[in-house]
Q: 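Below is a structure I'd like to ask you about.
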Amino acid sequence: MSDAAALPGQPRGLVTSGPATARAVNVLAPNASAMTLDGTNTWLVSEPGSDLAVVIDPGPLDEAHLRAVVATAERAGKRVALTLLTHGHPDHAEGAGRFAELTGTKVRALDPALRLGDEGLAAGDVIRTGGLELRVVPTPGHTSDSLCFHLPADRAVLTGDTILGRGTTVVAHPDGRLGDYLDSLRRLRSLTVDDGVHTVLPGHGPVLDDAQGAVEYYLAHRAHRLAQVETAVENGFTTPEAVVAQVYADVDRSLWPAAQWSVEAQLEYLQDHGLIPGGPE
């Protein structure tokens, strides 16, 4: 068994429902898969002593899971006052409408199509509920509407799919763009350097106790993959399918369709920067 402290980001190990920081509790959704890892982490966040809570990413449309989130809050003597979304992928957001019915809450998201209520989310927004403070951090790249939430009191950041607790994430081209994603990773690195963030509360996988190490690993991984893709093109593998077969040969084939999204994003990035043929004239 690997020593977790030696792995990127220092993952805590098993993914379970329960407290992760003084203010954040995970309720793990039963939707494990190759893409969702152990399942979606639905985060219940609240200030100690407050009777109000915020839920981030209710998860899939699974009635038992949504009711488990409500029950977790009620056992702690709290009422869910607000629902937030990191992005619109179904494993994070499909259950939001039903969850809003169960809790009577509004749903705030960057994408207007995902909102329930008049208020959205934007860069620089500060959400205050029951003494809790969450700061909205724009992190496009995985998708164009991806956001993270900085929880200053716990020196933590809730990352959705921008940083996972295990492995690396997909740049979901064409909606996701690699240049945006690299900028978002650098923005998160600034949180670790300038704001003292040390804990990653991801949308999938275990909590990471070395946020800066995780971000640096992601940046290095992306640079390595870009170099591999560039080399593959130079060797005559020019279609996304051919590049995937070369660059992701060691990856489970069931993940190749998702890997192709990332390859398409990488090819676009290399073309836009004039590193391979096919970019803007």
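It should be emphasised that the depicted structure is a prediction, and the values quoted were computed from it without experimental measurement.
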Q: For R115, is there an ion pair with E119 - N to carboxylate O distance below 4.0 angstrom?
A: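 Between R115 and E119 there is no salt bridge, as every charged N stays at least 4.0 Å from the carboxylate O atoms.
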Q: Under a 4.5 Å cut-off applied to non-hydrogen side-chain atoms, are I276 and L267 in contact?
A: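 I276 reaches L267 side chain to side chain.
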Q: For R79, is there an ion pair with D51 - N to carboxylate O distance below 4.0 angstrom?
A: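 Here D51 does not pair with R79 in a salt bridge, since their nearest N and O are not under 4.0 Å apart.
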Q: Is it true that, when you exclude R177 itself, more than 12 heavy atoms of the residues, nucleotides or ligands shown sit nearer than 6.0 Å to its CZ?
A: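 Open.
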Q: With a 4.5 Å cut-off on side-chain heavy-atom distances among I, L, V, M, F, W and Y, is there a chain of contacts connecting L134 to V107?
A: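 As far as the 4.5 Å side-chain criterion goes, V107 and L134 are not connected within one cluster.
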Q: Is it the case that the ring center of H92 lies less than 6.0 angstrom away from the ring center of H204?
A: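 Yes.
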Q: May I ask you to list the residues sharing a hydrophobic cluster with V27, side-chain cutoff 4.5 Å, ordered by chain and number?
A: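 Members alongside V27: V25, L44, V55, L61, L66, V69, V70, V80, F99, L102.
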Q: So, is the end of the R222 side chain (NZ or CZ) under 6.0 Å from the ring centre of Y269 and within 45° of the ring's axis?
A: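 Ring-cation test returns no.
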Q: Table please: side-chain donor-acceptor pairs of residues 190-199 below 3.5 Å, with sequence neighbours left out.
A:
from: S190; atom 1: OG; to: R186; atom 2: O; distance (Å): 3.2
from: T192; atom 1: OG1; to: R189; atom 2: O; distance (Å): 2.6

Q: Just by distance, with hydrogens left out, do N31 and T40 show a side-chain donor and acceptor under 3.5 Å apart?
A: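 Yes, T40 and N31 have a side-chain donor paired with an acceptor closer than 3.5 Å.
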Q: What donor-acceptor contacts under 3.5 angstrom involve side-chain atoms of residues 230-245, with partners at least two apart or in another chain?
A:
from: T231; atom 1: OG1; to: A227; atom 2: O; distance (Å): 3.0
from: N235; atom 1: ND2; to: T231; atom 2: O; distance (Å): 3.3
from: T239; atom 1: OG1; to: A242; atom 2: N; distance (Å): 3.1

Q: Is it true that, when you exclude D118 itself, more than 12 heavy atoms of the residues, nucleotides or ligands shown sit nearer than 6.0 Å to its CG?
A: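 Counting neighbours around CG of D118, 12 or fewer heavy atoms of other residues, nucleotides or ligands fall under 6.0 Å, so no.
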Q: Decide yes or no for L28 and H65: does some side-chain heavy atom of the first lie under 4.5 Å from some side-chain heavy atom of the second?
A: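 Answer no - side chains too far apart.
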